[in-house]
Amino acid sequence: LLSALQALTSSEQRGEDLQVIIEVLVLVGMDKDLFLSRVAGVGAEAGGSARQAAKVDFLPTLISRLLSPLASKRISSRDVEPYDVEPIVHKLINLLLGHCVGAPSELIHQMIEDIAESLEVVVQRSAQGNPRAERATLQLFKSARDIAKQVASGKTACQLQLSSARLGP
């Protein structure tokens, strides 16, 4: 069925409409095996790295359609470009799908790290030229990394609150 629908994608607009339908059907039918096979396929093409495997795009046409109105709504030159945000949206969708289908925790962790790195780059780029904003973003990301390290070492949210209360301002 999916192959037949893809074969009908001869005209650009009708083809894009059908591609969105196909992507939604794939999303509805997504299970752990399909998710992992797609991720493993991309990972194998890219050398097998888990970080590269987390970059598969399940909904490319749908996401580009959703983000296309953003291109015309830039207010200032410091606004983030849609092409900066689109890969992050793909990664967030993949993370959501991976979580919903029960992907292995190592893959989920790698996907989260990849998203955090991408967000850091975009935020730093948007803060360029404003020294105060640059310092604030660096401090924010340093704090986020410290919290992530503590959580990875097994500390609970309650333990994190206690340790921050002891440190004080």
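Numbering starts at 1 and runs along the sequence shown.
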On a heavy-atom basis, which atom in [X] and which in [Y] lie closest, and how many Å separate them?
| X | Y | answer |
| --- | --- | --- |
| Lys91 | Ser118 | NZ-OG, 2.5 Å |
| Leu62 | Glu23 | N-OE1, 2.9 Å |
| Leu59 | His90 | O-CE1, 3.9 Å |
| Glu134 | Gln128 | OE2-CA, 3.2 Å |
| Asp57 | Arg38 | O-NH2, 3.5 Å |
| Phe35 | Ala103 | CE2-CB, 3.8 Å |

Hey, what do you get for [atom1] ([X]) to [atom2] ([Y]), rounding to the nearest 0.5 Å?
| X | Y | atom1 | atom2 | answer |
| --- | --- | --- | --- | --- |
| Phe141 | Gln124 | CZ | CD | 6.5 Å |
| Leu92 | Leu97 | CG | CG | 11.0 Å |
| Ile115 | Ile88 | CD1 | CD1 | 8.5 Å |

hydrophobic_cluster_shared for [Y] and [X], side chain cutoff 4.5 Å:
| X | Y | result |
| --- | --- | --- |
| Val121 | Leu119 | no |
| Ile112 | Leu140 | no |
| Val123 | Val85 | no |
| Met111 | Leu96 | no |
| Val26 | Val101 | yes |

query: Do Leu107 and Leu36 come close enough that some side-chain heavy atom pair is under 4.5 Å?
result: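 Result yes, sub-4.5 Å side-chain heavy-atom pair found.
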message: Quick one, Gln110 and Glu113 - any side-chain contact, counting heavy atoms below 4.5 Å?
response: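 Yes; the side chains approach each other to less than 4.5 Å.
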